[in-house]
Amino acid sequence: MIDLTARDIKYITGVGPQKAEILQKELQISSLHDLIYYFPYKYVDRSRIYQVSELNGSMPYIQLKGKIIGFETFGEGRQRRLVAHFNDGTGTVDLVWFQSIKYITSRYKLHQEYIVFGRPTVFNGRVNVAHPDIDKPEDLKLTSKGLQPYYNTTERMKRSFLASPALARIIAIALQGITEPLRETLPQWLLSQYHLMPLTEAINTVHFPTSPDALRKAEYRLKFEELFYIQLAILRYAKDRQLRYRGYVFSKVGDHFNTFYSRYLPFELTGAQKRVLKEIRQDVGTGRQMNRLVQGDVGSGKTLVALMSMLLAIDNKFQACMMAPTEILANQHYETICAFLKDMDIRVELLTGSIKGKKRKEIHEGLLNGDIDILVGTHAVIEDTVQFASLGLAVIDEQHRFGVAQRAQLWHKNTYPPHVLVMTATPIPRTLAMTLYGDLDVSIIDELPPGRKPIQTIHQFDNRRESMYQSVRNQIAEGRQVYIVYPLIKESEKIDLKNLEEGYHQICEAFPEAKVCKVHGKMKPVEKDAEMQTFISGESQIMVATTVIEVGVNVPNASVMIIENAERFGLSQLHQLRGRVGRGADQSYCILVTKYQLAEDTRKRLEIMVRTNDGFEIAEADLKLRGPGDLEGTQQSGVAFDLKIADIARDGQLLQYVREIAQAIVDEDPQGVLPKNDTLWAQLNALKKSNVNWASIS
Ligand code: ADP
Ligand code: MG
């Protein structure tokens with residue numbers, strides 16, 4: 001069988017060394033395999049006129065011929081859209097415009113014949129075509145070519161005669177040159193059971209479809225495979241771990257837990273906190289190693305759940321550790337935990353990169369001889385030099401900076417791997433959680449502690465700054481504190497600092513009565529901490545900052561969050577920032593400041609922020625608006641995310657479906673020994689070798 005990954009594209013007729021180099025540089029295509037797995041992003045069929053009756057939700061760009069039988073407008077203001085009902089005698093389809101409504105209605109006449117060109121999609125159960133091209137029938141030119149593939153190319157490729165049609169030609173030649181069938185990547189039984197197109201046919205069809213129907217089947221097969229293998233890898237890994245490692249049994253709820261609960265806990269747990277604690281207790285009682293993700297919106301009280309789980313570990317003669325992504329957060333956790341436990345006989349220590357010398361040595365010793373019960377820290381905690389007497393539970397706060405691979409590092413700290421509890425305030429839609437954290441069980445804290453008033457969010461244009469400052473002044477006069485956040489773009493830290501400095505001076509001038517502190521990522525940790533400390537202690541009333549305050553910082557007295565240039569932030573980030581306020585009992589406000597001119601999707605983002613405080617709703621919307629590749633944290637998550645054909649936002653159902661299939665396979669063949677599954681494990685290994693992201697799953 002030929003190995004396509006070993007075949008250099010420069011030997012394909014019409015490519016040669018120069019074009020090969022460009023393809024490599026611009027699209028990372030170097031082998032024949034890379035090339036045929038570079039899929040079109042759209043298809044156009046100008047070979048014929050389609051009928052409305054044959055349209056469905058996954059079609060190429062096509063032409064229709066018919067008449068507009070009526071116009072309708074829906075929505076108000078920015079939501080306004082124009083719908084033209086277009087009929088060709090076989091049915092009616094909606095043509096939709098969000099812009100140029102006046103122009104369209106005056107330009108196109110009712111009951112006159114037109115050619116419409118666009119891509120049909122299904123929305124709310126109706127087929128529609130958004131922003132189509134409309135021509136007179138006499139302008140219609142049919143080509144002899146059927147479905148034409150369109151490939152994404154770069155400016156440099158276009159300059160070097162490698163625009164989409166040229167690339168299509170090269171791919172056609174390459175495919176013709178492959179005379180044997182491709183090595184099938186799914187087992188035969190799976191193909192027939194789930195009615196999947198064979199690989200060779202699917203690859204040929206996805207580049208050069210013979211019909212929309214064949215295209216749909218080819219895409220389905222390739223998406224199925226792509227999502228299926230991700231799930232198989234994750235579930236196989238989880239099963240492996242389950243077979244290989246036993247977990248410590250925390251059999252009893254003892255003195256520490258009970259004393260804390262009955263004597264020192266200053267409030268009643270919420271129902272959700274109780275439920276999640278119960279789930280955790282169940283896990284750690286089974287003899288299996290726990291791997292649980294606790295998702296809860298900012299302020300939902302995850303830290304307390306973590307703390308009580310750690311008490312459970314201590315009651316069973318184990319140590320516990322808690323890791324945060326930054327020093328500031330680690331500090332804050334340390335202080336919170338010390339405050340909660342101050343009257344109990346539990347030794348808590350803090351370990352971060354800046355703790356050195358004698359103190360560090362002391363901590364290392366205390367961990368080894370079992371004197372230290374709880375260690376709070378940063379990544380420093382997982383360094384090899386840090387050894388525990390009996391680590392039983394590791395809590396990881398803010399998962400998205402902590403990939404699967406890093407979690408695995410924890411396991412060398414004791415005979416068995418410790419139980420792992422991951423906390424995240426980034427609500428992740430279910431479909432995405434399944435891909436990102438597929439090996440974790442998920443608990444959700446979906447209830448805020450009582451007495452919190454929902455944060456009021458306001459969108460404000462920057463020319464109304466003075467009136468905004470007046471409300472801020474009122475808040476400060478009432479003793480409240482205020483955050484003002486400026487965006488940070490990685491590529492131009494200098495400009496950002498300038499923004500921040502200017503903002504800082506402006507604020508100092510506008511609020512002579514207040515003390516203003518300033519925090520940004522370029523400061524030395526000591527300086528930064530000192531500045532933050534003035535805010536935490538209440539000495540300063542306004543904090544001017546870049547997004548460094550995004551995660552975790554807890555100042556309940558802060559009641560206003562102003563986000564400057566809010567148009568430059570993503571939804572999840574805005575939500576995270578907003579979560580810094582609304583932590584006390586007072587009414588809190590989040591003010592999103594933007595310029596007046598905004599792009600459509602930006603306006604949508606801001607509207608969602610104003611409308612809802614629900615992190616899950618926001619995460620779903622974010623996924624739909626931006627696609628998963630951009631979703632906060634997914635890049636660092638260590639899971640394969642450069643999907644070639646599937647789309648997590650749109651293919652959620654398929655993802656769920658293939659996950660169930662993969663789960664059944666792993667359950668039936670946990671050791672990976674059944675001959676009928678040979679192809680699966682071989683393919684899984686091949687994927688791991690060829691893709692760094694895949695390798696990090698195991
Ligand atoms: P998260 O980590 O989920 O953002 P925290 O654990 O920091 O939230 O909790 C936010 C605040 O709410 C803290 O001040 C905490 O002490 C308080 N808190 C937690 N649980 C409760 C509860 N059940 N009732 C009242 N206040 C609570
Ligand atoms: Mg927290």
Side-chain angles (χ1 to χ4, degrees), residues 257 260-280 292-311 320 322-326 328-342 374 376 395-402 421-428 442-455 480-481 483 532 535-538 549-559 561 572-586 588 590 613-616 618-619 632-633:
F257 188 96
F260 178 77
Y261 188 69
S262 57
R263 206 151 353 131
Y264 299 118
L265 184 63
F267 34 66
E268 183 68 13
L269 291 176
T270 64
Q273 284 172 319
K274 284 183 190 161
R275 191 188 66 237
V276 172
L277 269 171
K278 205 177 274 172
E279 286 165 352
I280 292 168
R292 187 167 282 280
L293 174 73
V294 176
Q295 288 197 43
D297 225 332
V298 276
S300 60
K302 295 182 293 295
T303 311
L304 198 66
V305 168
L307 172 61
M308 295 186 69
S309 309
M310 292 197 284
L311 294 179
M322 181 166 187
M323 265 173 294
T326 66
I328 290 181
L329 280 175
N331 268 311
Q332 206 163 58
H333 280 319
Y334 173 70
E335 274 159 27
T336 307
I337 288 171
C338 288
F340 272 124
L341 300 182
K342 65 180 186 304
I374 295 178
V376 180
V395 178
I396 302 170
D397 197 16
E398 305 302 344
Q399 152 81 12
H400 55 290
R401 319 254 160 120
F402 237 91
L421 195 60
V422 178
M423 309 271 174
T424 179
T426 312
I428 299 151
V442 179
S443 293
I444 295 177
I445 307 189
D446 50 5
E447 184 184 349
L448 291 179
R452 300 260 174 87
K453 294 202 180 70
I455 303 164
R480 304 279 111 74
Q481 288 166 284
Y483 293 102
M532 281 226 183
F535 193 71
I536 292 169
S537 69
I549 59 156
E550 189 182 330
V551 272
V553 179
N554 190 9
V555 180
N557 190 47
S559 64
M561 165 64 65
S572 305
Q573 214 178 8
L574 290 173
H575 182 63
Q576 286 289 313
L577 285 168
R578 177 167 64 182
R580 298 303 108 221
V581 296
R583 313 195 127 227
D586 296 295
S588 294
C590 173
N613 275 310
D614 180 339
F616 283 94
I618 289 169
E632 218 106 325

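All ligand and atom numbering here is 1-based and tracks the order in the structure. Treat the numbers as computed from the prediction; the structure is a model and nothing was measured.
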In terms of heavy-atom contacts, Gly301 and Gln273 come closest through O-NE2, 3.0 Å

Using a strict 4.0 Å threshold on nitrogen-to-oxygen distance, state whether Lys274 and Glu268 make a salt bridge.
yes

Evaluating non-hydrogen atoms only, which member of Arg452, Arg580, Lys302 is closest to atom 10 (C) of ligand 1?
Arg452

Show me which atoms of ligand 1 lie under 4.0 Å from any heavy atom of Glu268.
22 (C), 23 (N), 24 (N)

Would you check whether Gly301 has a nitrogen or oxygen atom less than 3.5 angstrom from a nitrogen or oxygen atom of ligand 1?
yes

Specify the closest pair of heavy atoms between Val276 and Ile444, including all atoms of both residues, with the distance to one decimal.
CG2-O, 3.9 Å

Between Phe267 and ligand 1, does any nitrogen or oxygen pair lie at a separation below 3.5 Å?
no

Which of parallel (below 30°), tilted (30 to 60°) and perpendicular (above 60°) describes Phe260 and Phe340?
perpendicular

Pairwise side-chain contact, Ile618 with Arg578, heavy-atom cut-off 4.5 Å (strictly under)
yes

A side-chain contact here means heavy atoms from C-beta on lying under 4.5 Å apart; do Thr336 and Leu307 qualify?
no

Which of the atoms of ligand 1 are close to Arg583, meaning less than 4.0 Å from one of its heavy atoms?
4 (O), 7 (O)

Please identify which atoms of ligand 1 are closer than 4.0 Å to at least one heavy atom of Leu269.
23 (N)

Test item, Pro556 contacting ligand 1 (heavy atom, 4.0 angstrom)
no

Run the side chain to side chain contact (heavy atoms under 4.5 Å, CB included) check on Met310 and Ile337 step by step: do they pass?
CA-CA 11 Å; Met310 292 197 284; Ile337 288 171; 3.7 Å; yes

Shortest reach to atom 6 (O) of ligand 1 by a heavy atom, considering only Asp297, Thr303, Thr336
Thr303

Going by the atom numbers of ligand 1, which of them fall below 4.0 Å from some non-hydrogen atom of Thr270?
23 (N)

Any heavy atom of Gly296 closer to ligand 1 than 4.0 angstrom?
no

